[in-house]
K.L.:
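First the structure, then my questions, so here it is.
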Amino acid sequence: MNQAANLPGMDRYPQLFAPLDLGFTTLRNRSIMGSMHTGLEEMPDGFERMAAFYAERAAGGIGMIITGGISPNEEGGLAVKDAHGNVAFSASKLNTQAEADGHKIVTGAVHGAAPDVKICLQILHMGPLAYNDNLVAPSKVRSRISKSTPHELDEAGIEKQIADHVNCALLAQQAGYDGVEIIGSAGYLLSTFLVEKTNRRTDHWGGSYENRMRFPLEIVRRVRAAVGEHFIVIFRIAAMDMLDGGMSWDEVALLARELEKAGVSIISTHFTWHESQVPTIATMVPRAAFTGVSQRVRQEVSVPVITSNRINMPDVAEAVLARGDADLVSMARPMLADSQFMRKAAEGKSEEINTCIACNQACLDHTFNFKQTSCLVNPRACNETLLNYHPTEQPKRIAVVGAGPAGLAYATVAAERGHQITLFDAADAIGGQFNLAKRVPGKEEFYETLRYYQQQLQKWAVDIRLNTRITTEQLQSADYDHIVVATGITPRVPYIPGIDHPMVMGYIDAITGAKPVGRNVAVIGAGGIGFDVTDLITHEGPSAALDVDVFAREWGIDFKHHPRGGVTGVEPQVARADRTVWLLQRKDTPVGRGLGKTTGWTHRLTLSRRGVNMMNGVDYVRIDDDGLHLLVANQPECLPVDTVIICAGQEPARALFDELSALGLSSELVGGAFEANELDAKTAINQASWMAAAI
Ligand code: NAP
Ligand code: SF4
């Protein structure tokens, strides 16, 4: 047996755990924690919290970490106001010695946790997407998703931006980073030089592609010259930018070759601009959907290539590497979901991995709402200094009633800490509302969360009592030290005359298929569940999330011929059930506005492409044999439907809690039973985890 085969993990995932020799340094395996803005960057104690966050991932076995994006100057970043109203950048900018000294806290902690892990600082100049008044770009072209038009850079301004990138790389080197990643994708500054629609210049920085490449290549050349040969320089390219009229394959390939000549150590492939109208990381995207594009880039260069996007389990990463699609696999969100991902894989405990379900709800939705990042399935993410599951010194006997997200999170965290937990549920399986979500096309990842919880319950010896509707009397006589009521919600039944008509059903019956849904359907309520139900009943054929060809057809991507941006001239082909559907709400706001910031648009676009009639500002009048009668702008209208599905939100199910309280038993509410409005799995798991950490 050779020596490499003895390395941890090599027997199970030989590709993933193979070291990679970069000539001057070696990566201990092929896994990379991709860049993820944490929101800690802007916090007063950001360096300390980032240090704890990254160090935990380093100890968890990752090969290399790329930090969240750090701006090389003021104009490229996110200007936040401090307590006195002054603009402050905290750790989100690196162009001073004081900031470099702060970053030493991060690099010291990471190398202290695992001396052989590498950490690179991502230099992110946001260009026309920056959040400040002095944003700059090659031309005065405002992005579809930006509030401001950028200032056009003059020659001196361009030289300054290049110099600032070099300065930032040098400061990163001084701060103890092993390298830098320069982002040249996503609609940020460097990528806007590459693409004609954002680069309208006629000088030697614009016009021909050779001129448009000049700015990013010049940055790489000068950074390499400044930092020397023994420093990792990664460049992130948009290998398929998903823009109508975006980069052609020839342009991508030429850029990759020129980057190699300019001195990059590694090329990282990225697959979008933020303004693109194709989902590339949401849960409806198939796992590893884009790695074939990385493989084509890999054939153009001799430096290692990183691939990414929806690689969330070790077997997926292993298969990507075994196919030769890339040399390295980047996983950003999966490292939020489970800091110990690689250690568990190495130890043959992949079943224990808390899998990223690509929901974006606690990570990117937070980032783009300027809130601290965390993770729906792991509330400890970015809270490593605040939320810890320390062993209890006073173990208690605790009954947890309800095995939905809140009950599962509470039971597993409290049991891990040493409490003795009995978990009750009236159903024959754990999961509660997760069991509905997993049936929705594109939400198959919820199976992974259920697998994770099942495994944790077993690991921490939780006594599970399914098919058990526990009563107050039984709980009282069992004499528990504490009772946690996670009994969830009951669907709201709105008062509408005719609500008991046979054509009316609740969303649970519609999702489980307990009742047949007709050909003409009104969905009352356009929240997350109204959208899910509408998606389910208008869906036809295999789930796009499980089939790359279906996904490509539905979103108009041509992976084979790679037209400009991968999408130019390709019409989305939407398969849809033969059904007419109206999705309704009373509010005047656009239907679907309350959905997730980074994924809501995908749901709205999907349903509108399937021809769903989305109506806001309606009043429900009555339901009878003719259909659903409405008032729309005070005008009567009757939708000729044969099915009405109620998705009108929920009420807390807390009868048990009221009974326990009346008896004076020690009990507390968690999840939907505590607060049903705006409840989702993120809130439920987060609340339950903090409570279980405190008992
Ligand atoms: P929700 O988001 O609160 O939406 C309830 C809908 O019902 C609203 O459209 C509301 O709009 C309508 N409604 C409320 N009271 C009504 C009444 N008395 N009569 C008629 N209509 C009424 O609740 P949900 O859709 O059940 O979702 C529950 C939670 O799960 C939410 O937090 C949601 O975000 C989450 N979830 C998220 C996703 C996701 O993809 N991120 C998916 C599923 C669920 P009007 O009041 O304007 O009519
Ligand atoms: Fe993944 Fe959702 Fe967690 Fe983000 S919040 S890391 S998408 S599971």
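Predicted, not measured: the structure shown is a model, and the values here were computed from it. Residues: numbered from 1 along the sequence shown. Note that ligands are numbered from 1 as they come in the structure, with each ligand's atoms numbered from 1 the same way. Only this structure's heavy atoms are used, side chains among them; waters, hydrogens and symmetry mates stay out.
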K.L.:
Distance alone, cut at 3.5 Å: any donor-acceptor contact between the side chains of T598 and D365?
P.N.:
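D365 and T598 do have a side-chain donor-acceptor pair below 3.5 Å.
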K.L.:
Describe, in one word, how the ring planes of F551 and F290 are oriented to each other, choosing from parallel (under 30°), tilted (30 to 60°) and perpendicular (over 60°).
P.N.:
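F551 vs F290 ring planes: perpendicular.
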K.L.:
Taking atom 19 (N) of ligand 1 as the point of reference, which of A526, P494, A684, G530 owns the nearest heavy atom?
P.N.:
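Answer by nearest heavy atom: P494.
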K.L.:
Given D535, I529, D680, which has its nearest heavy atom closest to atom 25 (O) of ligand 1?
P.N.:
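Checking each option, the heavy atom nearest atom 25 (O) of ligand 1 is found in I529.
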K.L.:
Is E56 salt-bridged to R380, going by a charged N under 4.0 Å from an acidic O?
P.N.:
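Salt bridge present between E56 and R380.
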K.L.:
Distance to 0.1 Å, residue and atom name: give those for the protein heavy atom nearest to atom 7 (S) of ligand 2.
P.N.:
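Answer for atom 7 (S) of ligand 2: N360 N, 3.0 Å.
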K.L.:
Under 4.0 Å between a side-chain nitrogen and a carboxylate oxygen: does that hold for R57 and E384?
P.N.:
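Salt bridge between R57 and E384, a charged N being under 4.0 Å from a carboxylate O: yes.
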K.L.:
For this output row, return yes or no: ring centroids of Y131 and F370 closer than 6.0 angstrom.
P.N.:
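Judged by ring-centre distance (under 6.0 Å), Y131 and F370 do meet the cut-off.
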K.L.:
So which heavy atom in the protein is nearest atom 5 (S) of ligand 2, and how far is it from that ligand atom?
P.N.:
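Closest protein heavy atom to atom 5 (S) of ligand 2: L376 N, 3.2 Å.
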K.L.:
Yes or no: does Q433 have any heavy atom under 4.0 Å from an atom of ligand 1?
P.N.:
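No heavy atom of Q433 comes that close to ligand 1.
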K.L.:
Could you list which atoms of ligand 1 come closer than 4.0 Å to a heavy atom of G649?
P.N.:
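Answer for ligand 1: 5 (C), 7 (O), 23 (O), 26 (O).
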K.L.:
Between D535 and R610, does at least one N-O distance fall below 4.0 Å, as a salt bridge requires?
P.N.:
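Judged by the 4.0 Å cut-off on N to carboxylate O distance, D535 and R610 do form a salt bridge.
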K.L.:
Quick one: which ligand 1 atoms are inside 4.0 Å of a heavy atom on C647?
P.N.:
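Here the atoms of ligand 1 in question are 5 (C), 6 (C), 7 (O).
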K.L.:
So if I count the atoms of ligand 1 from 1 in the order they appear, which ones are less than 4.0 Å from some heavy atom of Q650?
P.N.:
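Going through ligand 1 atom by atom, the ones under 4.0 Å from Q650 are 26 (O), 28 (C).
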K.L.:
Answer yes when E651 and R492 have at least one side-chain N-carboxylate O distance shorter than 4.0 Å, and no when they do not.
P.N.:
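Yes, charged N to carboxylate O under 4.0 Å.
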K.L.:
When you check the gap from the basic side-chain N to the acidic O, do R586 and D619 get nearer than 4.0 Å?
P.N.:
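Looking at D619 together with R586, the answer is no, because their closest N to O distance does not fall below 4.0 Å.
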K.L.:
Taking R30 for its side chain and L321 for its backbone only, find out whether a donor-acceptor pair lies under 3.5 Å.
P.N.:
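Between the backbone of L321 and the side chain of R30 there is no qualifying donor-acceptor contact (under 3.5 Å).
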K.L.:
Against ligand 1, does L595 come closer than 4.0 Å with any heavy atom?
P.N.:
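Heavy atoms of L595 never come under 4.0 Å of ligand 1.
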K.L.:
Below 4.0 angstrom from a heavy atom of G525, which ligand 1 atoms are there? Numbered from 1 as shown, please.
P.N.:
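Near G525, the atoms of ligand 1 are 6 (C), 7 (O), 9 (O), 12 (C).
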K.L.:
Output yes when the distance from some N or O of ligand 1 to some N or O of D532 is under 3.5 Å, and no in every other case.
P.N.:
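D532 vs ligand 1: no N/O contact under 3.5 Å.
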K.L.:
Going by the order shown, which atoms of ligand 1 are within less than 4.0 Å of some heavy atom of R492?
P.N.:
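Atoms satisfying the 4.0 Å criterion: 14 (C), 15 (N), 18 (N).
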K.L.:
Could you tell me, atom by atom, which parts of ligand 1 come under 4.0 Å of a heavy atom of Q585?
P.N.:
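Listed by number with element: 47 (O), 48 (O).
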K.L.:
Can a non-hydrogen atom of G596 be found less than 4.0 Å from any atom of ligand 1?
P.N.:
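Under 4.0 Å: no for G596.
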K.L.:
So, H274 versus F368, ring centres under 6.0 angstrom or not?
P.N.:
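Yes.
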K.L.:
Is there a donor-acceptor pair under 3.5 Å between the side chain of N616 and the backbone N or O of K587?
P.N.:
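Side chain of N616 to backbone of K587, a donor-acceptor pair under 3.5 Å: no, none is there.
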K.L.:
Quick one: look up the protein heavy atom nearest atom 8 (S) of ligand 2 and list residue, atom name and how far away it is.
P.N.:
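Result for atom 8 (S) of ligand 2: I357 N, 3.4 Å.
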K.L.:
Does at least one non-hydrogen atom of Y620 fall below 4.0 angstrom from an atom of ligand 1?
P.N.:
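Y620 counts as a contact of ligand 1 under the 4.0 Å cut-off.
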K.L.:
Report the member of G527, A676, G528 with the shortest heavy-atom distance to atom 36 (N) of ligand 1.
P.N.:
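Residue with the shortest heavy-atom distance to the ligand atom: G528.
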K.L.:
With respect to atom 2 (Fe) of ligand 2, please indicate if C375 possesses an N, O or S atom at a distance under 2.8 Å.
P.N.:
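Of the N, O and S atoms in C375, none lies under 2.8 Å from atom 2 (Fe) of ligand 2, which means no.
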K.L.:
Can you tell me the protein heavy atom closest to atom 2 (Fe) of ligand 2 and the distance?
P.N.:
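Residue, atom and distance for the closest contact: C359 SG, 2.4 Å.
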K.L.:
Out of K443, R586, K587, indicate the one that has the non-hydrogen atom closest to atom 17 (C) of ligand 1.
P.N.:
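Heavy atom nearest to atom 17 (C) of ligand 1 belongs to R586.
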K.L.:
Taking the side chain from R333 and the backbone from L364, do they hold a donor-acceptor pair closer than 3.5 Å?
P.N.:
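Flag not set: sc R333 to bb L364 has no pair under 3.5 Å.
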K.L.:
Quick one: do K438 and E445 make a salt bridge, cutoff under 4.0 Å?
P.N.:
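Salt bridge absent between K438 and E445.
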K.L.:
Just checking: C356, one of its N/O/S atoms, less than 2.8 Å away from atom 1 (Fe) of ligand 2, yes or no?
P.N.:
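Yes, since at least one N, O or S atom of C356 sits under 2.8 Å from atom 1 (Fe) of ligand 2.
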K.L.:
Using a strict 4.0 Å cut-off to heavy atoms of A358, name the atoms of ligand 2 that fall inside it.
P.N.:
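Every atom of ligand 2 under 4.0 Å from some heavy atom of A358: 1 (Fe), 7 (S).
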K.L.:
Is there a heavy atom in G594 that sits closer than 4.0 Å to ligand 1?
P.N.:
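Flag not set, G594 not near ligand 1.
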K.L.:
Heavy-atom count around E351 CD within 6.0 Å, excluding the residue itself: above 12?
P.N.:
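Check fails, neighbour count at 12 or below.
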K.L.:
What protein heavy atom sits nearest atom 4 (Fe) of ligand 2, and how far away is it?
P.N.:
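Checking every protein heavy atom, the shortest distance to atom 4 (Fe) of ligand 2 gives C363 SG, 2.3 Å.
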